[in-house]
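For clarity, every value in this text was computed on a predicted model and none was experimentally measured. We count residues from 1, following the sequence as given.
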Amino acid sequence: SGIKSVYCLLQFCKKLRSVRESDMQDPRIVEILKDWETGLSTCTNAVASPSFIDGNKADADIHVTNLRTFASNVPEILSNLISTLMTIDHSLHKEQLIHEYDRIEYRNCTLANACLQRVMSCVNDVDPSSLGNAAATASNSKKKRGEWIFQRVYFKASPPGKYLPKYERITIHLNDPSSEGEEGVLASGQFIFLPSLTQVLRGAEMMSTSTSREITTSSSTSKKLINAGVRSVVGKMVQTTWDTLLRHGYYVDEERKKHLGPLLEEFYESGLLGGRDASMPILLNAHFNPTYALSLYLHGTAGAGKSSLVRNIFPAINASIAAYADPELLVRFVKQNLNKPFQTLRLELDLRPNNNDYSVMSIIQGRRMTLTQSKPGLVLVALEEMPSDVTGADPNQSEVAKLLSMRFSGRKGEFKDGAAPRNSEKRGISGDATIITVFTSNYDLEPHCLEALQSLDMFKNLSVIKVAPVAGEDREAFALSYLKQRLHESLTPWRGNININLEVPCGNGDIRPLVRYLRLLSFYIHAMVLEQAASGSTSLDVYVKFDHATEVTTVTNMTNGKSTQLKPGSFQNLYPVKPLSLDFRASNTVIQLQNLHPNLQNPLELSQILEFYFSKTLAPAVILSQNEDLLHDLTTFLAQSKGVDGILDINPSSYKMMKSLYDPTDTPNLRDDILQILHGDGPTSKNSRFVAIELKCNSVDAQLQIREIIEDTPSMTAFSTEKSALYKDGLIFCVYIKGELTPEIESRASLII
């Protein structure tokens, strides 16, 4: 594993130098890599030399120890490299760079794949002139037609109960030059073995050596034995899904595992088998071709974690497939909100018989295979906020279910029972198992709505799951894991060890107040870690204790005995008993504001909220006020701070918050304005990492318009990808309220001044 990590980082640097040459020549990048690459080169040259084999054991041990040291430094170097590249170019995303590194890691995940990549690159780079005229012509012909690329490799095991090596077969399909354009030729031009190749083959051997009596005991036993290799991999894929969800801060309790686990197993197994009978030869190419349509309906009370599960499960599924089945396959995300006026929903779902088809089905089909992908992938469609089935409500669950059943099957008009018209399946997406569908709702799915949906193949496995907020020991485990995950994200590239003893009330029901409390708590522990790291320490023991009598939370550094006391404030915020200032921009802004507004209320609380904003603890921060001039000045002063850009005087009643489905691409809207600034391509952008936005809500309708843009979940439309989603960290909304404040906006506020 040490050699693998070193090798993958070298390949990652090689890739970066080929696509971002100027960035990799930046002195900061050179400084990060210089000593590591120089030392590694010396070590590998020594190991590769003939004298290494004939040398004494002591010298060999030194080189091996050095190599392990270089391997242990890989995580820190990779973290520094990624964070520095993001500093050089703010349009780069951490997830984008990590995904590229993961792709390299998965392609070289086994010795077989690493050797194969080397062989194929050497063969394709061979100099035809060194082969003679006839051979050079043949080589050029082969390179043009890709003959050096494997197409398919199958493994046929010995029959069950009759294991003999002579019965085993490996069949290799090569790309014949005369079959250019043949279906099945690898679009990416690069063959990759299954990352789980060893586990699959070992399972096949286990199958072959099983006795005949074991095989014929029952059909279920037979299936388990025949699929032993695949099932072993499937179990690891499910576990990887849980692990990835936990790393993203989503805790899956045993109850959710019990409901979701079997469905994921069925889905993963169908993808590895690809519709082939279990007794047929096993395809050893990296592949994932599901035939089981995974479909979920998650319902429960607000704050139970339904939407959070949807947002986090698609990268978890992607990580599992990449780690064990196919590192090149991508899982894309499409979000469709169902809780909107029925006529609006109908317009968005209606098919159009021309090139102007921006219906949701068209977007889903296009998302499977974008121009940046080497092969078609999967799409997770989040159908969020399914309404209730109250008669006369707009929308209504029955009508929405029937509409989805008709449009996803490629049919127009009103809902009809019975077989679909001829050729309608060519216009719809109902028979595609590469589309994962997940509904969320506060309401249960009525039986007649379930029946309408299950008439489609894509919903025939629809599983209705009630999601309840985690409670008891699971809630405590979630709190600790989420707090550690927040600290891990904010402390990069510091890689010390943090031990946390957490003794705080975790509450019951809605998980969102606990999440907010933990995010704020992480800010103060973060400050404590930075102080400890400055002293050169690589470990920290933290004890967090809540006093029920005083409602004071005490955070103690057990290493040096220092502690910070936190008291609750307005809007469930945590404030230090003794003021704490970490970012000069926060205190400077408040001082400037007080000079113009001497009667400013809550200046200490405002300063702390701005500290949370600049540390990206609140994502986003939302400041409300009925003083229009006060908020305008606050936004102006923030926009003058280092690294902050401003968007002023936005009236939601006259300026769109985001584009609608059929709006022209150049329609002005706030969401795109923010993204342009963050990506560094806006007309007035300073390539900022922070944006301050002034919103002027002169009516209740205007307040309703801004609900989605100021909530703490990523802003996504049906067009959104991971890159185009608007993540709210680094955003602060200064909202002027004229008249009565609505509960929906008040619930999203960080502070009222």
Side-chain angles (χ1 to χ4, degrees), residues 94 245-251 302-305 307-309 311-312 469-470 475-492 494 498 500-530 540 542-546 551-555 564-576 580-583 586 605-623 689-690 710-715 726-733 746-751:
K94 180 179 179 181
L245 283 169
L246 188 58
R247 282 199 302 273
H248 288 155
Y250 190 90
Y251 182 82
S307 296
S308 297
L309 176 58
R311 287 198 308 272
N312 289 296
V470 290
R475 200 174 180 97
E476 294 173 3
F478 159 77
L480 185 59
S481 66
Y482 182 81
L483 183 58
K484 288 182 176 179
Q485 180 252 351
R486 286 289 309 167
L487 289 168
H488 175 75
E489 289 180 352
S490 64
L491 289 171
T492 302
W494 187 76
I498 305 177
I500 301 176
N501 183 6
L502 190 64
E503 293 185 12
V504 299
C506 295
N508 296 300
D510 193 340
I511 201 74
R512 290 174 293 187
L514 176 59
V515 169
R516 181 183 178 87
Y517 175 83
L518 295 170
R519 288 179 70 97
L520 299 178
L521 190 59
S522 70
F523 170 83
Y524 297 103
I525 299 178
H526 175 97
M528 196 171 282
V529 172
L530 292 181
L540 179 68
V542 178
Y543 177 52
V544 183
K545 175 72 174 179
F546 179 82
E551 295 188 341
V552 170
T553 302
T554 303
V555 183
T564 300
Q565 289 188 316
L566 309 173
K567 60 182 180 180
S570 57
F571 294 92
Q572 300 176 330
N573 294 316
L574 279 179
Y575 299 99
L580 176 67
S581 179
L582 295 178
D583 196 307
E605 288 195 21
L606 176 59
S607 180
Q608 193 58 55
I609 293 297
L610 295 181
E611 292 274 5
F612 294 150
Y613 162 58
F614 285 116
S615 67
K616 299 187 177 181
T617 300
L618 292 177
V622 180
I623 308 293
R689 301 183 68 179
F690 298 91
I710 68 171
E711 68 181 3
D712 61 357
T713 56
S715 174
L726 175 59
Y727 296 90
K728 309 294 179 60
D729 51 333
L731 302 185
I732 185 169
F733 292 94
E746 185 177 11
S747 67
R748 292 163 169 80
S750 306
L751 185 67

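Side-chain contact between L514 and F478 is present, with heavy atoms from C-beta onward closer than 4.5 Å. The shortest side-chain heavy-atom distance between L618 and K728 does not fall under the 4.5 Å cut-off. T553 has its side chain out of reach of T564: every pair of non-hydrogen atoms, C-beta onward, lies at least 4.5 Å apart. The side-chain heavy atoms of L610 and I732, taken from C-beta on, include a pair separated by under 4.5 Å. Put simply, the side chain of F614 reaches to within 4.5 Å of the side chain of F690, judged on heavy atoms. Between V555 and M528 the shortest side-chain heavy-atom distance falls below 4.5 Å.
Looking at Y250, its side chain does come within 3.5 Å of a backbone N or O of G305 through a donor-acceptor pair. Not a single donor-acceptor pair under 3.5 Å links the side chain of E711 to the backbone N or O of R748.
The two residues N573 and R516 have their closest heavy-atom pair at OD1-NH2, 2.6 Å. Q565 approaches V552 most closely through the heavy-atom pair CB-CG1, 3.9 Å. Taking each heavy atom of L483 and L518 in turn, the nearest pair found is CD1-O, 3.6 Å. The shortest heavy-atom contact between L566 and L521 is CD1-CD1, 3.9 Å. Between P469 and R475 the shortest heavy-atom distance is CB-NH1, 4.1 Å. Heavy-atom minimum distance, Y524 versus L574: OH-O, 2.7 Å.
Considering CD1 of I498 and CG of L540, their distance stands at 6.0 Å, rounded to 0.5 Å. Note that the OG1 atom of T617 and the CZ atom of R519 stand 7.0 Å from one another [nearest 0.5 Å]. Within the model, atoms OH of Y251 and CG of L480 stand 10.5 Å from one another, a figure rounded to the nearest 0.5 Å. The OH atom of Y517 sits 9.0 Å away from atom SG of C506, with the distance rounded to the nearest 0.5 Å.
Applying the ring pair (Phe, Tyr, Trp, His ring centres under 6.0 Å) test to F523 and every residue at least two apart in sequence or in another chain returns F612. Residues satisfying the ring pair (Phe, Tyr, Trp, His ring centres under 6.0 Å) criterion with Y575, sequence neighbours excluded, are absent altogether. Shown here are the side chain to side chain contact (heavy atoms under 4.5 Å, CB included) partners of N501, two or more places apart in sequence or in another chain: E503, Y543.
With 3.5 Å as the limit, one finds no donor-acceptor pair spanning the side chains of Y613 and S750.
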